[in-house]
Each structure stands twice: as C-alpha cells, then as structure tokens.
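Keep in mind it's a predicted model, so treat the numbers as computed, not measured. Lettering follows sequence order; numbering is per chain, from 1.
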Amino acid sequence: MDLARFLVGALLVRDAPEGRVSARIVETEAYLAQGDAASHSRSGQTARNRSMFLARGHAYVYFIYGSAYCLNVASARNGVGEAVLLRAAEPLEGLELMRKRRPKAKNDAALLRGPGNLAAAFGLDRRLDGADLCEAGSELYLARGTPPAAILETERIGISRDAHHQLRFLEAGSPFASGPKRPRA
DNA sequence: CAGAGGATCGGCT
DNA sequence: GCCGATCCTCTGG
C-alpha cells in the first residue's frame, strides 16, 4: 500500500528503438502477499507470476483475457509475492508513438487509461517481465515526478472474488484516471 | 487432459 | 451499465 501510494505522481519512462515515451502515473492498485484472494500470488509462486516475488522495483508483466498486458511493480523483498498494478497515467513524451500503438484511443487523455491500454501504449509485453525498473537509462524505468495535491483511495476494479477494502489509489480529479472516482481522501 | 475463470477492452444500450 | 471476445494459466482427476 505504501508503494502504491508512493507511485502516484511518479514517472514511467521507456526508451526503445522505436522511440521514447514517458508518463506520470495517476492510478495504482495494491496486491498483498497475505490474505489477498485477488492477488496472483495467492496460491504461491508459478511460472507466470514468479517476477511478483522479486525484490521491490522489478517489473511483473502478465497477459490477461487473451488480449492485454498489465504492468506491475514488485513491492516486497525477494521471495515475497506482492506488487502494485499501474492502472493509468498522464502522457508526457512520445504522444505520437502512443497514438500509433493505440489507434483506438478516442483522445490523448485516454491513451493510458486502463492497465491494458497503458501497457499497449508503452509497447510492453512479457519480454520486459522481471526487468529492474530502478535504473535510470535502462529500457524501462521509474523516476521522480510531481506529487499529486491529493490522493483518493477506493476499492479495486475488476475484482469478482472479495472486493476488499481500499487498495486503489488515484490522483484526485485526474482526467487521466480510469473507472469510478469515489470520495474518501 | 479437460474445464473453468480471469488485476480487460471496446462497443452497444 | 452490460456483454462478448479471446487465450493463457491453474486446478483437479
């Protein structure tokens, strides 16, 4: 939860041969190592989720519903399956490349709205699973950004099991966020 | 090996 | 807000 909150306002950068894209994260969700029926790590480590068990700051990228990739940041220590899902971001650099990768986006504010869309605009797939996101200058990394004026906490999205409490974090009033914005700052 | 379900998206009502 | 597409992953027998 600490990392999920911390990452709202942080920057995500990808430097790839096709070009550079960057964005400011506005929405995240926490998936806990203990007592979280919705976490991919709920039944232990598998071939798919092993990166979730890497040390804090590593990427966990998975493929879902046969159509979308999602990017997470591992949040605990090596051996503990816990991560933060990046759900939405504000486009900063490489808008043209993002539009090319996301031709269906209705407008620029929607380019990075939703975890699958964010990953698509960044051109991510399983090749970046396990990458260290803490080294500036590597292909994909996190950097300091501008903190939000206020952070809202809501229930997570798309969870059919037990909805849990407030494990979703988003910048208050952000036009780049996904889903409903319930109160409770 | 078969079966079930999913941390989604986009289109339609 | 509701629903279907799509296919990967895990579980159980």
**Q** CD1 of A:Ile159 versus C1' of B:dT8: gap in Å, rounded?
**A** 12 Å

**Q** If I take atom NZ in residue A:Lys104 and atom P in nucleotide B:dT8, what distance separates them, rounded to the nearest angstrom?
**A** 17 Å

**Q** A:Arg156 CZ to B:dT8 P: how many Å, rounded?
**A** 11 Å

**Q** Taking only the side-chain nitrogens and oxygens of A:Arg87, find out if one of them lies under 4.0 Å from OP1 or OP2 of B:dT8.
**A** yes

**Q** If I take atom CG in residue A:Asn72 and atom C1' in nucleotide B:dG6, what distance separates them, rounded to the nearest angstrom?
**A** 14 Å

**Q** Just the rounded figure in Å: distance from C1' of B:dT8 to CG of A:Leu86.
**A** 15 Å

**Q** Report which part of the nucleic acid A:Phe63 touches: base, sugar-phosphate, or nothing (heavy-atom distance under 4.0 Å, all strands).
**A** sugar-phosphate

**Q** Is the centre of the A:Tyr31 ring less than 6.0 Å from the centre of the A:His40 ring?
**A** no

**Q** Looking at A:Asp36 and A:Arg42, does any basic side-chain N land under 4.0 Å from a carboxylate oxygen?
**A** no

**Q** Taking only N and O in the side chain of A:Arg48, is any of them less than 4.0 Å away from OP1 or OP2 of B:dA7?
**A** no

**Q** Students often get this wrong, so: under 4.0 angstrom with heavy atoms, is A:Asn117 touching a base, only sugar-phosphate, or nothing?
**A** sugar-phosphate

**Q** Just wondering, do A:Tyr62 and B:dA7 stack (centres under 5.5 Å, planes under 30°)?
**A** no

**Q** Using a strict 4.0 Å threshold on nitrogen-to-oxygen distance, state whether A:Glu155 and A:Arg168 make a salt bridge.
**A** no

**Q** Answer yes or no for A:Arg102 and A:Phe122: cation-pi contact, defined as NZ/CZ to six-membered ring centre under 6.0 Å and angle to ring axis within 45°.
**A** no

**Q** Rounded to whole angstroms, how far apart are CD on A:Glu155 and C1' on B:dA7?
**A** 14 Å

**Q** A:Ile64 has an atom CD1; how far is it from atom P of C:dT6, in whole Å?
**A** 16 Å

**Q** Which is true for A:Arg102 with a 4.0 Å heavy-atom rule: it touches a base, it touches only sugar-phosphate, or it touches nothing?
**A** sugar-phosphate

**Q** Does a nitrogen or oxygen in the side chain of A:Ser39 sit under 4.0 Å from OP1 or OP2 of B:dA7?
**A** no

**Q** For a quick test of reading the model, state the closest non-hydrogen atom pair linking A:Gly9 to A:Pro148 and the distance between them.
**A** CA-CD, 4.2 Å

**Q** Which nucleotide, in any strand shown, forms a Watson-Crick or G-U wobble pair with B:dA7, with both distances under 3.5 Å?
**A** none

**Q** Report the distance from atom OH of A:Tyr65 to atom P of B:dG5, rounded to the nearest whole Å.
**A** 12 Å

